[in-house]
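See below for the structure under consideration.
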Amino acid sequence: MRIGLIAPPWIPVPPPAYGGTEVVIDNLARGLLARGHDVRLFTVGESTCPVPRQWLFRSPVEPMGAPAAEAAHALAAYEALADADIIHDHTVLGPRLAGRRGIARAPVVTTFHGRVTPADLRTLAETARYASVVAISHGHARCFGGVPVAAVIHHGIDLDVYAPGPGTGGYLLFVGRMSADKGVHHAVRAARLAGWPLVISAKMRDPAERAYFDEQVRPLLGPGDAIPAEQPLAARLALLRDAAALLNPITWPEPFGLVMAEALASATPVLAFPNGAAPEIIDHGRTGFLCQGEEEMTAAISEVRRIRRRDCRIAAERRFSLARMAADHERLYRAILARPGQLTSGLAKASTG
């Protein structure tokens, strides 16, 4: 198949630092390429994903979310990918713009990566008129209301990058945005109550992220605790391999939570609040613990040594590989192409994760 992928114009693919959607697009592109497909990516010029790339903007667009820039990027993408058999659009505006203007010559798939709010449902319903919509977890799909979901496909990661580690570093780990949604303050309190040091690798660039840190996290840190920093990939991989456990006390219905799969691939157990997709990723008592609040998380920290790290790695290999994600998407694309002129509501409801 000739497959056109459209990334948002905000961050290169793969991302040089934080960027979950861009990691997924890079993995999908490489996974589809490995399956023998002709894959092209429309992105920004600074991207390094190892497939043929085209772009309108050489550098990432600022400010992130600017609708005029996203519209220009998306329209250029559909023009550049006009000869594709299928287009998989990861932008918000692209499917609706292309559908309304009648410029999409190939069937369109779109993955909605973000949180679905009531305000998003009308937008999603409009998008579903022109594209087959993919959700990234069953919990995510349940938020779509009556909007048809063509498939639920869990993310996959490159298991050669996330090698298993021994977990002998003597610390717990938090990785994510510095945000109340991510529950950093819960992680700090649970680790302190359990008597464990906590290493925090966190994106903290935006004013809201810095304000949350100053108001809710900094007061919980001791005089010897390091100020959280956003780590490059190599350092983050080392932290994941050597952590006794990843703490992920999310306080919102997170659509997936890529860091949990990354931790499992590193053979590191995950302790999480049971929100969003966490129950679909963690096997309670086998690859980690689902904890109802800080008290349960604190107690679970003392039990983490009975989790066999090999079981965490096996779960990642079985359920969250790049190859599995690519195969799931290939299956969806073929189902769409087998029904020309029709969207695929109800064709592929089950995730193979």
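Owing to the predicted nature of the structure, the values given are computational and were not obtained by experimental measurement.
When all heavy atoms of Ile11 and Pro15 are compared, the closest pair comes out as CG2-CB, 3.6 Å. Closest approach of Cys49 to Leu41, counting heavy atoms only: CB-CD2, 3.8 Å. Heavy-atom minimum distance, Leu121 versus Gly145: CD2-N, 4.4 Å. The heavy-atom pair separating Leu337 from Pro107 by the smallest distance is CD2-CG, 3.9 Å. Of all heavy-atom pairs between Val184 and Ile200, the closest is CG1-CD1, 4.1 Å. The minimum heavy-atom distance linking Gly288 with Pro269 is given by the pair CA-CB, 4.4 Å.
By the 4.0 Å N-to-carboxylate-O rule, Glu126 lies too far from Arg122 to be salt-bridged with it. Salt bridge Asp214/Arg210: absent, no basic N to carboxylate O contact under 4.0 Å.
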Verdict with reasoning, Tyr78 to Asp89, per side-chain contact (heavy atoms from CB on, under 4.5 Å): CA-CA 9 Å; Tyr78 279 89; Asp89 190 345; 2.7 Å; yes
Full working for side-chain contact (heavy atoms from CB on, under 4.5 Å) between Leu246 and Val259: CA-CA 9 Å; Leu246 177 82; Val259 70; 4.1 Å; yes
Residues Met204, Tyr212; criterion side-chain contact (heavy atoms from CB on, under 4.5 Å); working and verdict: CA-CA 9 Å; Met204 191 167 55; Tyr212 163 71; over 6 Å; no
Derivation and outcome, side-chain contact (heavy atoms from CB on, under 4.5 Å), residues Phe289 and Ile307: CA-CA 9 Å; Phe289 297 101; Ile307 299 292; 3.9 Å; yes
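Looking at heavy atoms from C-beta onward, Ser59 lies out of side-chain contact with Val44 at the 4.5 angstrom threshold. Between Glu209 and Phe213 there is no side-chain heavy-atom pair separated by less than 4.5 Å. Using a 4.5 Å cut-off on side-chain heavy atoms (C-beta onward), Asn275 and Glu254 make no contact. Under the 4.5 Å side-chain criterion, counting only non-hydrogen atoms from C-beta, Leu220 is not in contact with Arg192. Side-chain atoms of Val23 and Asp26, non-hydrogen and from C-beta on, never get closer than 4.5 Å to each other. For the pair Thr110 and Thr127, the minimum side-chain heavy-atom distance is below 4.5 Å. Two residues are said to be in side-chain contact when any heavy atoms from C-beta on lie closer than 4.5 Å; Glu46 and Trp55 fail this criterion. Side chains of Pro12 and Glu22 form no contact here, defined as non-hydrogen atoms less than 4.5 Å apart.
To the nearest 0.5 Å, atoms CG (Asp311) and CG (Leu264) are separated by 10.5 Å. Note that CD of Glu262 is 8.0 Å distant from CG of Leu237, once rounded to the nearest 0.5 Å. Atom CZ of Phe273 sits about 6.0 Å away from atom CD of Glu294, to the nearest 0.5 Å. Rounding to the nearest 0.5 Å gives a distance of 5.5 Å between CG of Leu271 and CE of Met297. The OG1 atom of Thr123 lies 9.0 Å from the CG atom of Leu93; values are rounded to the nearest 0.5 Å. The CG atom of Leu28 sits 5.0 Å away from the CE atom of Met325 when rounded to the nearest 0.5 Å.
For Arg2 (side chain) and Asp38 (main-chain N/O), no donor-acceptor pair under 3.5 Å exists by modelled atom type. Side-chain N or O atoms of His73 include one that pairs as donor or acceptor with a backbone N or O of Ala7 at under 3.5 Å. The closest donor-acceptor contact from the side chain of Thr251 to the backbone of Ala180 lies under 3.5 Å. Side-chain atoms of Arg236 come within 3.5 Å of backbone N or O of Gln231 as a donor-acceptor pair. Proximity of a side-chain donor or acceptor of Ser132 to a complementary backbone N or O of Val109 within less than 3.5 Å is not detected. For the pair Ser266 (side chain) and Gly165 (backbone), a donor-acceptor distance under 3.5 Å is absent. In this structure, the side chain of Asp181 does not engage the main chain of Trp252 through any donor-acceptor pair within 3.5 Å. Between the side chain of Thr268 and the main chain of Leu240, a donor-acceptor pair closer than 3.5 Å is present. A donor-acceptor pair is defined here as one N or O able to donate and one able to accept, closer than 3.5 Å; such a pair exists between the side chain of Arg313 and the backbone of Ala265. A donor-acceptor contact shorter than 3.5 Å is absent between the side chain of Glu280 and the backbone of Ala277.
Counting non-hydrogen atoms of other residues, nucleotides and ligands closer than 6.0 Å to CZ of Arg205 gives a total above 12. Heavy-atom neighbours of Glu303 CD from other residues, nucleotides or ligands within 6.0 Å: above the threshold of 12.
Val92 and Tyr130 fall into different hydrophobic clusters, where Ile, Leu, Val, Met, Phe, Trp and Tyr side chains are chained together by heavy-atom contacts under 4.5 Å. Grouping the Ile, Leu, Val, Met, Phe, Trp and Tyr side chains by contacts below 4.5 angstrom, directly or via other members, places Val270 apart from Leu198. Linking ILVMFWY residues whenever their side-chain heavy atoms come closer than 4.5 Å, directly or via other members, places Leu239 and Ile157 in the same cluster. Hydrophobic clustering (ILVMFWY, side-chain heavy atoms < 4.5 Å, transitive): Leu290 and Leu172 are in distinct clusters. Placement of Leu159 and Val24 within a single hydrophobic cluster is found when ILVMFWY residues are connected by side-chain heavy-atom separations under 4.5 Å, directly or transitively.
Taking the six-membered ring where tryptophan is involved, the planes of Phe112 and Phe144 are perpendicular, since the angle between them exceeds 60° and thus also 30°.
Checked against the 6.0 Å centroid criterion, the rings of His154 and Phe256 qualify as a close aromatic pair. A ring-centre distance under 6.0 Å is not found for Tyr333 and His37.
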